[in-house]
Amino acid sequence: MRAYTPKDDVQAKAYYTDRFYVAPQVPKQDVADDAVFAADLEAISAKFEVKESFIQVGQMVVYINANDIYAVLELMRDELEYTQLTEMSAIDWLAKDNTFEIFYQMLSMNKRKRIRIKYFIENGQAVDSVEKLFRSADWSEREMFDMFGIEANNHPFMKRILMPYDWQGNPLLKTYPLEGDEFAAWYEVDKIYGKEARDIIGPELRDTARVDRYDSNRFARLGFEVPKGTEITDDMEKTVQSYQEDGGVFLITKLDKESSKVIDDPQR
Amino acid sequence: MAQHKVNYTQDGGLPVALTSIDKIVNWGRSNSLWALTYGLACCGIEMMASGASRFDFDRYGTIFRASPRQADVMIVAGTLTKKHAEFIKRLYDQMTEPRWVISMGSCANTGGMFNTYATVQGCDRIIPVDLYLPGCAPRPETLQYGVMLLQQKIRANKAGNAQKAKRLM
């Protein structure tokens, strides 16, 4: 059984956990344990430099040089039967050593195996596009550009894919605040009404559960209802609300609060 | 004498009802609120359910239109992203006056649970809103009750005056 961890604050946790936290790794196995992977690795390492390789959760991970990526994926597609690029993106290691880790998740339907090709690039360095090999890389590389700011050389349409074209900033960087930076906070106001409208529209209210009991314009406190705009003080009388017409309704007896019993204890 | 001739002074009286211009114009407006088909997220599913046979929005004279030029009320049903913000403003501007806006659900009201960089924190930052419906997502009954409240609001106002600007902009 897995060790029990308290789950009472999972939603709030995202706001105070360290965003640079690196989760512990599952154990790595030797590539020689799996005959299919061993043959694949041999084919790759015969032509290209392999920096590191291991098996993790039944999938082989191979680290190569950034310049070899196109040729390695071409070899894997044409000779090793890894015909699908299921996913590719980047991992932000800027805080650790100013690098990005780029990964390409490959699937072979014939061999029923998955291989992950990885390499590191410096911050600001571009990668080689593999869009000519795999059509799926088209949008993946655009997303990587959008979210991390990593450009892909020889890509036919290197533009943002999710965020608007005039967006500034790369939201998936670990340094990017979840609630957006200054540009993001005023994006729609600046674009539609112009910067001079900022004062009129005001900043975003991020605390949607905010209740101000002294503000009678926007909030009505239950049991202390007052007309809109009334000044509220701490020593106000409780207002007794009656939701029944004075004359009563046909066949319905009017509630007499004096003669009725209020049960205070819910556990009675 | 012709058999079909009706004597209006007898048998039910004159076919005349006296009313004010305000009342009859508002009666027409409030009972044919054509809504802009504007489902942005899961609230849109509830909005579609309201229009379908089980809840049957046609009873209220509310018919969904695919063009802002034919619509009276914009039901903002769902999460409004910052990328989409300029389009909601454009569609609102294309609607003919008088026009009303219902903000449906938590996301359209306040951004809801999407406390992120990509979501507009309440569609009232972009367009003036007449009615906020709470819920995530509100049931079709809530939307229908909201439309009934909007009808009350329309009937309470003067019909002749041009709509006042609901916002400083």
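Below, each value reflects all heavy atoms present in this structure, side chains not excepted, and no hydrogens, waters or symmetry copies. In what follows, chains are A, B, ... by sequence order, proteins preceding strands, each numbered from 1. As the structure is a prediction and not an experimental result, all values here were calculated from the model.
Interatomic distance, CG of B/N115 versus CZ of A/R206, reported as 5.0 Å (0.5 Å rounding). Here the straight-line distance linking atom CD of A/E188 with atom CZ of B/R125 works out to 5.0 Å at 0.5 Å rounding. Note that the CZ atom of B/F87 and the CD1 atom of A/I192 stand 9.5 Å from one another [nearest 0.5 Å]. Atom NZ of residue B/K83 and atom CZ of residue A/R160 lie 10.0 Å apart, to the nearest 0.5 angstrom.
Aromatic ring pairs are classed by plane angle as parallel below 30°, tilted from 30° to 60° and perpendicular above 60°; the pair B/Y117 and A/Y176 is perpendicular.
Heavy atoms of other residues, nucleotides or ligands lying less than 6.0 angstrom from CZ of A/F183 number more than 12. Atom CH2 of B/W27 has 12 or fewer heavy atoms from other residues, nucleotides or ligands within 6.0 Å. Heavy-atom contacts from other residues, nucleotides or ligands closer than 6.0 Å to CD1 of B/I63 number more than 12. By the 6.0 Å contact criterion, CZ on B/R59 is enclosed, its count of non-hydrogen atoms from other residues, nucleotides or ligands being greater than 12.
Here B/K82 is the residue among B/K82, B/H84, B/E86 with the most heavy-atom pairs under 4.5 Å with chain A.
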